[in-house]
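See structure below.
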Amino acid sequence: MFELLGITPQGLAAQLLVGLINGSFYAILSLGLAIIFGLLNIINFSHGAQYTMGAFIAWIGLTQVGQWFGFPDFSINYWFALILVPLVMAGFGLILERTMLKRLYHLDHLYGLLLTFGLALIIEGMFRHWYGISGESYPAPELLQGVIPLESIGIILPKYRLWVVIASLVVCFSTWYVIERTKLGSYLRAGTENPKLLQAFGINVPLMISLAYAYGVGLAGFAGVLAAPIFQVNPLMGSNLIIVVFAVVVIGGMGSIMGSILTGLALGLIEGLTKVFYPEASGVVIFVIMAIVLLIRPAGLFGREK
Amino acid sequence: MSLKIKLLYGILVLIALLLPFQDFIYLVFAMKVLCFALFACAFNLLLGFTGLLSFGHAAFFGTAAYITAYFCKEAGLSPELGVVLGVLGSGILGFLIGSLAIRRQGIYFAMVTLALSQMVYFLAVQLPFTGGEDGIQGVPRGMLFGLIDLKDDVSMYYFVLAIFLLGFALIVRTVHSPFGQVLKAIRENEPRAVSLGYDVDRFKLMSFVISAALSGLAGSMKSLVFQLATLTDVHWHMSGEVVLMTLLGGMGTILGPVVGAGIVVGLQNYLANIGSWSTIATGFIFVVCVLAFRRGVVGEITHFFKSKS
Amino acid sequence: MALEVKNLESWYGESHILHGVNFAVRDGEVVTLLGRNGAGRSTILKTILGLTSKRTGSVEIYGNQTIALPTYKIARLGVGFCPEERGIFASLSAEENLLLLPEISSGGMGLDEIYEMFPNLYERRNSPGTRLSGGEQQMLAMARILRTGAKLLLLDEITEGLAPVIVQKLGEVVTSLRNKGFTIVLVEQNFRFAAPLADRHYVVEHGNVVEVVNQNELTEKASLLNEYLGV
Amino acid sequence: QTSKVSGDVIKIGVLTDLSSIYSDLAGPGAVIAAKMAIADFSKDGTVIGKKIELLSADHQNKADIAANKAREWYDKDGVDVIVELVSTNVALAVMEVAEQKNKITLVSGAASLPITNEKCTANNVHWTYDTYALSNGTAKAVVKQGKKNWYFLSADYAFGAALERDATNVINANGGKVLGTSKHPFPNSDFSSYLLKAQASGADVVALANAGQDTINSVKQASEFGINKKQTVVPLLMFISDVHSLGLSAAQGMFLTEGFYWDKDDKTRAFAKRFILQHKRMPTSVQAGVYSSVLAYLAAVQKAGTDDTQAVMKVLKSTNIDDGLFKGKIRADGKFEHDMYLLEVKKPSESTSPWDYYNVKAVIPAAEATQPLSLSRCKLVTNK
Amino acid sequence: MPIDGYKDLGLQETILKTIGLGKTFKGFSAVSDVNLDVTRGTIHALIGPNGAGKTTCFNLLTKFLEPSSGQILFNGLDITKERPAQIARRGVVRSFQISAVFPHLTVLENVRVALQRGLGTEFHFWKSGNSLNVLNERAEELLCEVGLADFAHEETLNLAYGRKRALEIATTMAMEPELMLLDEPTQGMGHEDVERVTELIDRVAKGRTILMVEHNMKVVSSIADRITVLQRGSVLAEGSYQEVSNNPLVVEAYMGTHGGDGA
Ligand SMILES: Nc1ncnc2c1ncn2[C@@H]1O[C@H](COP(=O)(O)OP(=O)(O)OP(=O)(O)O)[C@@H](O)[C@H]1O
Ligand SMILES: Nc1ncnc2c1ncn2[C@@H]1O[C@H](COP(=O)(O)OP(=O)(O)OP(=O)(O)O)[C@@H](O)[C@H]1O
Ligand SMILES: CC(C)C[C@H](N)C(=O)O
Ligand SMILES: [Mg+2]
Ligand SMILES: [Mg+2]
């Protein structure tokens, strides 16, 4: 059989598909980060923790809420959680923004990063304290359990993973459309640069900023729910991911919406291939790419040069 | 330097000198604080006085730690030579990373340094001589200049203290030197400095290399004090920690990083036993600091006295 | 009354800049604020829009008390602002900058009309905003508020860095705006430019209005102005 | 010349991972186990008339923090023995310090064979299990079932390598073959690429040479990709806490090797019942090992009549241990040689009560579960 | 072909010469085929409508931008390939359209930063800062010249705008430039300041050459010896103020009917 570097074409196709799945998580998380960075000038270090929180809330909804209120049979199912959790997270984001982040806008990026870093520690610590480190498992919804056996071409694809790719692509691209192709988008970009002035032109910038943060956090929550059935729901699931997602945002170009989506997907693929051909390096490949990109294109692949 | 400040420094040095004559503070703890204080000061030279936020300083700290540990253990080198090699190594690494990174600014500079230091981390995991996850353990402290046995914590302490004071003095001197003056000008208005004929990149690079080498000095000392070098030393958490120390103490202040290092190391030590609560507590401290004490401890104190007078 | 300012005080952080400013502009009038560098003229405009960190006193715009309103609501009362550093957005193209501002009320100029007025802008419309030359940015800053339909214009040093021909053109623009019934507060360094345009001149010094000069008093008070402004 | 008991008190330090990735399998539960051991040893908390004190600290799984704490404990707080020490790198670092300071370490959580092999020290006992035992339990049993072709997913660090190496030896020795290995970064959350490779390799067995969260995620994703249908997934190291969070439906049918299972006999059940009252979770083998090691240490102090390191070590190494949880003796290289159990995870339908997770498939006799001294590279053994 | 200028150095009439200088930004040509000839010892003004390419020209001359075409000769020497800092060290020093000072240094320190290069200790990080005090005298002299002597120890941040411009000129002079490039030095200044700065420029021009961009015709007419008018990136006219201001093309494109009495 025809083989390339010890791997069959079918195998390669499967690997690319799997890479794409990871890429969708990168895309959806880095999209949230990019929106927040773009508008608030804050590097939202707690993004990972908020993703974790999304997964945990979904799990709590499914298995715990009923008991809390004395109706052991009551539970919030996956589909419901997929809508509810992002909303809850957005509300949480709104509170954070109104009470804390708001005070940091006039300062260096650094402070936002430190504050959200602190928040991440608190959130992570709480879940660790309540639910331990090993985490909890969350079953995929009935509808999406099982695999799509494409054995003729040697690929077995879990239905759920396919759903993840579709769901996140839809969310990513509709977000992109709203931001880049509508008036709202130019407000967002202008607001990034000079929020005070934009206000003087009659735009409710504080509200816009709050909503943007809430939306970003909501996206993290959404990604959390999507991830819950794949990965163990555990307090560290986000912090392991977040550094990589930062790199994605930087490679894509900080604040560039399309950049973060495409780079997220592409890096998922590249990382997947690295895992096949040189697995030891899969942890570092993204950083190598980041260094190269920044040296060649300082503003990132899709970033605007200042 | 005003008289008052000289007096303050005098008292601090005196306290440091007398430290071994008590039982309350554990000497190894004090040495750890000194190592990290030096590290934070070196970092602050870059952040506070050159305006460059590096998110990859662990690379220098860790590289020197590994080099010193390796040569002292495997080649049986004396501690002073081990330290010199460590500093040299991190200085060269600083030159390499710096030459790439200083071409970028702001948040991108931070990210390039992070990326490059992740590669150093990767190398540390993969190269055989670092001992992977186990690190290099059981590094002998050896005989300083072939004379003083550093196995004894007290002599080791004085060695660390001397190195710290040397490094600290060098940093203070650098900040106020002609070189430091140009750095300050660059930080304030880079294009203007260029138009005055200063080759800005060379200044930034130089400052980067000095900072890297001194961070390396701190790392080398640390590996002797604890007699081990591990992945923790090159991990990005370490880079984050030094940012925290500097910020908490007050960036751009001379003494701030020292205080910050003291607080952070102390917290780590005393919060260590409460498990997940310690994470929560650290997070809480971050949040409170950023919201309420932004100038850092030393910065707030100076500000208080300034606004009173 | 389009704008009435009473006892206006204002701060940037700790520093107290305005100390009780009073003046009023009727509908359709053009007034200038004159003064030395640092007198506080720009600060008056910013304070009217609530852009300083703290303010007290009274500002009425078309009869609405605005002292406690957030900036964006003030703007929506029909205020157009052209700031002194021009405030062009770098991440938007020239045309996006132009189209950015929401229309506050009907009666704004159309895009064609604007490009006709400033042909430079048409030529550079797809460049990133801050890549325009200094003067082009100035034109853009002025042009974009004409689109919004705002009737009260606060203009801060609009002739700064412009070639004499363009300055002349701006003079014509202001005159025509005035004829269309706009109300304009002009902060100017360039007295020759401002003198023939305005109904009234207010002289600002150390955060206070220290003198009012009407159009018809210009000649008799020339020496006074000279003393204040060195004109 | 000096008092028989240093500092007039017996101090036991539990140095463990209280907050990081291994805090569920060791962590706070290990501290509770140590407390129980002290309470069980003497009602008034004394041994040879001296008070017993317990300290605990979090090493966050980092060798430097652990070494630092150990140094401080031995130097400043007068700690006599440090127990638990999950993670090989931590254990090795602390053993090094202990050797310098002439104090004792009793390792329970760390797994790698080198602890009593090339890196052995005279003042250390490796209590609960090691990679040799794991391989000789699970790997041997599976090869003997006729599943000869293996593919490894190994965590890319010392422990993963050690486990892979030991298991490979066993596989080769029993006529099996290793077809390939994927080294994954540690920690890692997505295993799908590696699993696909394992699937493509056509091996009978996909062996997991990793631990904790990594194992859980690999097992979970293996079942998601349907790998467990055609191939056998074998976690070389898995604790009951892992099975608990994985859930039986994903874990059912897997083989694993443990040094302790709470539901083995009346004595273990009695211990477990008391433990769960305090900790809300069943003891893991590591936690049980901590209990056993503290108990044995106190007994040795009593017997020696002093806390002098050499004297205590001598007693420890010359006394048979049988506390109801573990039974065996400590060898010259510091390995506590005892039986291990080959367990099979129950199907959800077989499980009748909470934490009823395993069928005991076989008892692996101590001799088989421990590397023979003749192969040892420990300096204490080879020098003789 | 680079011209070998060493031969008649010192006698050289022309201090700065550009040959066919051009710059395009993504197809838009901001400056094209500009041939400038700046005579030693003169004040040469560069004027032109907005967007004509004046600032871009400055950026090219000081290499803040890379020319797309053409050559720059300074004292007959081809400096087209040199780096910005190098050019500054040759004696071509610029000021900025937007005021450029070091805000958190004192006024004296601002000037000292420029003088410091002369000591050659700029990389000496081990030397005491006090070693710079030898420069204070010269710095104070320079401040005196621009009328800032009383503000020497003020933090620059607190200076009024006009004074910042004066400081900038003092700093530029500290470089002992042969050629000073000033970009709209009077922009945004009150009348008194404009007059003071105009006078100042006239004064410091002694023994130097100045190339300036300026929209204020009063300033240009009173001090400029020679004027080049740019339009759409190319030279429209050149000559004395009289010649230029009577050129109908210039009047139409730039001066307007009021002539140059902008301020
Ligand atoms: N953002 C700010 N923070 C603190 N002080 C400020 C700020 N902006 C202006 N000032 C100070 O307020 C005073 C008035 O400034 P303002 O800009 O209103 O002056 P102006 O009359 O417009 O003069 P100019 O001709 O310089 O624009 C000045 O002393 C100035 O230093
Ligand atoms: N970096 C750039 N990218 C794209 N276009 C540019 C850039 N810099 C300048 N331009 C364009 O080049 C032309 C010349 O600009 P320049 O700044 O040199 O004008 P100027 O003569 O200084 O005008 P002003 O008097 O208004 O300051 C302008 O049309 C401007 O839009
Ligand atoms: C499974 C873990 C408790 C073992 C640990 N990873 C070690 O290195 O020994
Ligand atoms: Mg102003
Ligand atoms: Mg210009």
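Side-chain atoms are counted along with the backbone in the values below, which use heavy atoms only and exclude waters and symmetry mates. Convention: sequence-line order gives letters A, B, ...; per-chain numbering from 1.
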Please classify the contact between Ala291(A) and chain B as side chain, backbone, both or neither, with a heavy-atom cut-off of under 4.5 Å. both
Measuring centre to centre across the rings, with the benzene-like ring taken for any Trp, is Phe61(B) within less than 6.0 Å of Phe36(B)? yes
So CG of Leu247(B) and CG of Leu113(A): to nearest 0.5 Å the spacing works out to 10.0 Å
Structural part of Phe55(B) lying under 4.5 Å from a heavy atom of chain A: side chain
Is it the backbone or the side chain of Gln118(B) that comes under 4.5 Å from a heavy atom of chain A, or both, or neither? both
Leu53(B) portion near chain A, given a 4.5 angstrom heavy-atom threshold: side chain
Give, as side chain, backbone, both or neither, the part of Ala281(A) having an atom under 4.5 angstrom from any heavy atom of chain B. both
Part of Ile286(A) within contact of chain B (heavy atom distance under 4.5 Å): neither
Heavy-atom distances under 4.5 Å only: say whether Phe117(A) touches chain B with side chain, backbone, both or neither. side chain
Less than 4.5 Å to any heavy atom of chain B: does that hold for the side chain of Phe127(A), its backbone, both, or neither? neither
Highest number of heavy-atom pairs under 4.5 Å with chain B among Met100(A), Glu124(A), Arg103(A) belongs to Met100(A)
Single hit among Leu94(A), Ile35(A), Leu96(A) for side chain to side chain contact (heavy atoms under 4.5 Å, CB included) with Tyr213(A): Leu96(A)
Compute the ring centroids of Phe39(B) and Phe60(B), then answer whether they are less than 6.0 Å apart. no
Are Tyr131(A) and Trp59(A) an aromatic pair by the rule of ring centers under 6.0 Å? yes
Out of curiosity, Phe109(B) CZ to Ile102(B) CD1, how far, rounded to the nearest 0.5 Å? 8.0 Å
Pick from Ile122(A), Val250(A), Ile289(A): which one has the most heavy-atom pairs with chain B under 4.5 Å? Ile122(A)
One option among Leu104(A), Val288(A), Leu121(A) has the most heavy-atom pairs under 4.5 Å with chain B, and it is Leu121(A)
Give, as side chain, backbone, both or neither, the part of Ile123(A) having an atom under 4.5 angstrom from any heavy atom of chain B. neither
Name of the residue among Asp199(B), Ile186(B), Leu183(B), Leu46(B) meeting side chain to side chain contact (heavy atoms under 4.5 Å, CB included) with Lys204(B): Ile186(B)
Rounded at 0.5 Å granularity, tell me how far CZ in Phe208(B) sits from CG in Leu52(B). 8.0 Å
Quick note, side-chain hydrogen bond (donor to acceptor under 3.5 Å, both in side chains) partners involving residues 257-274 of chain A, not counting sequence neighbours, are Tyr26(A)-Glu271(A)
Among Thr116(A), Leu115(A), Val293(A), who wins on heavy-atom pairs under 4.5 Å with chain B? Leu115(A)
